[in-house]
Enquirer: 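Just dropping this structure here.
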Amino acid sequence: MKRYRARTQSIILLILFTLLLTLVSACSSKQEKARKAVEEKLKNQGIREMTVDYFHPADNIPDKAYIAVTVTYNFATSDGSFQKEYLGYILKQDGQNWTVERSTLHTKEKDRAETALAGRK
């Protein structure tokens with residue numbers, strides 16, 4: 001009886017781990033597709049590097065998401081360092097991909113991202 005219980009627990013743990021891994025990879029995939037949408041929008045602006053600071057699919061609007069990025073440009077500031085800009089975007093789902101709907105504030109906070117997604121300031 002103990003062997004049966006241990007085996008059942010192992011199977012349950014394996015199933016839970018598989019589900020967790022699936023959820024994490026799905027979120028990662030969405031974020032990567034969101035990143036590509038922003039890169040496409042900014043491709044002609046001389047970007048040296050782009051980092052995703054925050055990604056948040058909308059809680060109540062299933063086909064929208066918010067993304068905050070830090071962009072480093074190829075040109076320098078007056079002190080000689082590369083210029084950085086902090087940008088935020090509202091994304092709309094287009095099939096399996098994302099498209100940039102509009103720009104908005106840059107934030108790393110869920111509440112402010114939800115406010116931006118709802119169209120409020």
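This chain uses plain numbering: 1 for the first residue, then up along the sequence.
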Enquirer: I'd like to check N74 versus I47 (side-chain heavy atoms, cut-off strictly below 4.5 Å). Are they in contact?
Expert: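 Side chain of N74 against side chain of I47, heavy atoms only: no contact under 4.5 Å found.
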Enquirer: Give, for atom CD of Q31 and atom CH2 of W98, the distance between the pair rounded to the nearest 0.5 Å.
Expert: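 It is 11.5 Å, given to the nearest 0.5 Å.
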Enquirer: List the atom of E114, the atom of P57, and the distance in Å for their closest heavy-atom pair.
Expert: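 So the minimum-distance heavy-atom pair works out to OE2-O, 4.2 Å.
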Enquirer: Return the set of residues passing salt bridge (charged side-chain N to carboxylate O under 4.0 Å, His left out) with E40 (not counting sequence neighbours), or none when no residue passes.
Expert: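 Here the qualifying residues are K43.
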Enquirer: How would you list, by chain and number, every residue that makes a side chain to side chain donor-acceptor pair (under 3.5 Å) with T70, sequence neighbours excluded?
Expert: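 Listed in chain order: D53.
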Enquirer: For residues 76-84, tabulate all N or O donor-acceptor pairs below 3.5 Å that involve a side-chain atom, not counting sequence neighbours.
Expert:
{"from": "T77", "atom 1": "OG1", "to": "D79", "atom 2": "OD1", "distance (Å)": "2.4"}
{"from": "T77", "atom 1": "OG1", "to": "S81", "atom 2": "O", "distance (Å)": "3.2"}
{"from": "T77", "atom 1": "OG1", "to": "S81", "atom 2": "OG", "distance (Å)": "3.2"}
{"from": "D79", "atom 1": "OD1", "to": "S81", "atom 2": "N", "distance (Å)": "3.0"}
{"from": "D79", "atom 1": "OD1", "to": "S81", "atom 2": "OG", "distance (Å)": "2.8"}

Enquirer: Under the rule for salt bridge (charged side-chain N to carboxylate O under 4.0 Å, His left out), what residues qualify as partners of E49, not counting sequence neighbours?
Expert: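 Listed in chain order: nothing, the list is empty.
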Enquirer: What are the two closest heavy atoms between T104 and A116, and how far apart are they?
Expert: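 Closest approach of T104 to A116: OG1-CB, 3.7 Å.
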Enquirer: Sequence neighbours left out, what passes side chain to side chain contact (heavy atoms under 4.5 Å, CB included) with R112? Give chain and number order.
Expert: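 Side chain to side chain contact (heavy atoms under 4.5 Å, CB included) check on R112 returns L105, T107, E109.
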Enquirer: Walk me through whether H56 and L117 qualify under side chain to side chain contact (heavy atoms under 4.5 Å, CB included).
Expert: CA-CA 10 Å; H56 174 69; L117 282 161; 4.0 Å; yes
Enquirer: K110: what forms a salt bridge (charged side-chain N to carboxylate O under 4.0 Å, His left out) with it, not counting sequence neighbours?
Expert: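 For K110 the salt bridge (charged side-chain N to carboxylate O under 4.0 Å, His left out) partners, ignoring immediate neighbours, are D59.
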Enquirer: Donor-acceptor pair, R35 side chain versus M50 backbone, under 3.5 Å?
Expert: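 Pair found, side chain donor or acceptor close to backbone of M50.
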Enquirer: Let me have the donor-acceptor pairs involving side chains of residues 85-97, under 3.5 Å, with sequence neighbours excluded, atom names and distances please.
Expert:
{"from": "E85", "atom 1": "OE1", "to": "Y73", "atom 2": "OH", "distance (Å)": "2.5"}
{"from": "K92", "atom 1": "NZ", "to": "D63", "atom 2": "OD2", "distance (Å)": "2.8"}

Enquirer: Are I67 and V69 close enough that some pair of their side-chain heavy atoms sits under 4.5 Å apart?
Expert: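 Yes, at least one pair of side-chain atoms sits under 4.5 Å.
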Enquirer: Less than 4.5 Å apart, any side-chain heavy atom of F55 and any of Y66?
Expert: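 Counting from C-beta outward, F55 and Y66 never come under 4.5 Å.
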Enquirer: Let me confirm one number: the OG1-CZ distance from T72 to R48, rounded to the nearest 0.5 Å.
Expert: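 Here the interatomic distance stands at 8.5 Å.
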